Amino acid sequence: LIAQLGNATFENYVGLESGYSEMAYQLSAHVLTLGYAVMLAALLYFVLTIKTVKRKFRISSVLSVVVMVSAFLLLYVQQQNWISAFQYDTEAGMYMLSSTNPGDLFNNGYRYLNWLIDVPMLLFQILFVVTLTTSSFTSVRNQFWFSGTGMILTGYVGQYYEVTDPTLFFVWGTISTVFFFHILYLMKQVIDQGKEGIPAKAQQYLGTIWTLFLITWMLYPGAYLMPYLFGGFTEPALSEVAVVGRHMTYTVADVGSKVIYGIYLTLVAQEISKAEGYDWEQMEEGATA
Ligand code: RET
């Protein structure tokens with residue numbers, strides 16, 4: 001198989017070796033579709049709520065809009081990539097790697113390059129909502145950018161080796177994880193400083209954002225490791241369950257780290273706006289009275 005597929009990801013190996021059952025193939029296609037549909041719906045939320053926060057917080061909503069548009073396009077392409085890479089084989093009764101498809105093999109690389117835009121945007125976004133007390137905005141922003149792109153580029157290289165060279169796969173994955181820990185450290189500082197001097201409700205929301213951040217961002221390395229989580233860490237499992245598991249993990253992670261995170265940041269900004277005398281609900285009533 002390696003002679004035929006080389007550095008292709010394990011989704012293709014499963015498609016060539018055993019193929020996908022109806023449920024595994026369709027579930028994957030549907031989960032990928034759900035992913036881009038949510039991004040388009042949430043795009044409307046971020047546009048429609050922009051005036052509910054004070055002007056100084058609106059860049060956060062704009063960054064959510066940027067993330068939604070880029071994620072929508074990428075996840076759409078990712079779904080098209082899935083349905084064109086595999087084809088129903090009536091003899092086998094399974095979806096096999098397509099022999100007639102002149103296009104791509106399946107690859108998660110679209111995601112990684114999309115993260116190159118989204119990860120820095122998501123990290124910058126919170127800096128427009130919180131006020132840093134001891135760190136400098138420019139310094140944190142540059143470190144977020146440096147470690148965000150470092151984490152993704154090293155992971156992108158590593159994912160090519162998930163079947164052909166487990167050692168390289170784990171070495172690149174480990175380098176990527178060093179950058180990831182640096183991001184977690186910075187984010188904890190940003191959130192702790194941001195909690196100072198804001199309304200209790202907004203502090204609570206920031207606490208939720210930290211938990212959400214920790215859980216959803218950890219799902220990405222989980223998805224990277226998926227073939228090894230099922231294969232006992234020695235060799236990748238060529239199993240359709242692991243493939244479906246990876247699609248689901250990515251989709252849950254994407255909705256949490258981009259959409260729910262953006263909504264919570266809007267809630268924080270609404271609370272602080274209100275405390276600073278900008279009450280959009282009152283203003284609306286005033287306007288219609
Ligand atoms: C990789 C490689 C393996 C090690 C680690 C990784 C971390 C990825 C993360 C991605 C986050 C992406 C987000 C995208 C939103 O649009 C690259 C999988 C640690 C944390 C939040």
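On a predicted model such as this, the values are computed, not experimentally measured, just so you know. Both backbone and side-chain heavy atoms feed into the values below; hydrogens, waters and symmetry mates do not. One-based numbering, in listed order, for ligands and for the atoms of each.
- For residues 37-68, no residue pair satisfies the ring pair (Phe, Tyr, Trp, His ring centres under 6.0 Å) rule, not counting sequence neighbours.
- Taking the six-membered ring wherever Trp is involved, the centroid distance between the rings of Y228 and F233 does not fall below 6.0 Å.
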N or O contacts of ligand 1 with protein under 3.5 Å, please list pair by pair.
from	atom 1	to	atom 2	distance (Å)
ligand 1	16 (O)	K258	NZ	2.5

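- Cluster annotation: Y261 and L63 are assigned to the same hydrophobic cluster (Ile/Leu/Val/Met/Phe/Trp/Tyr, side-chain heavy-atom contacts under 4.5 Å, transitive).
- Ring centroids of H247 and F106 are separated by less than 6.0 Å, placing the two rings close together.
- Between F86 and Y20, the ring center distance clears the sub-6.0 Å criterion.
- Taking the six-membered ring for Trp and the full ring otherwise, the centers of Y110 and Y76 sit at least 6.0 Å from each other.
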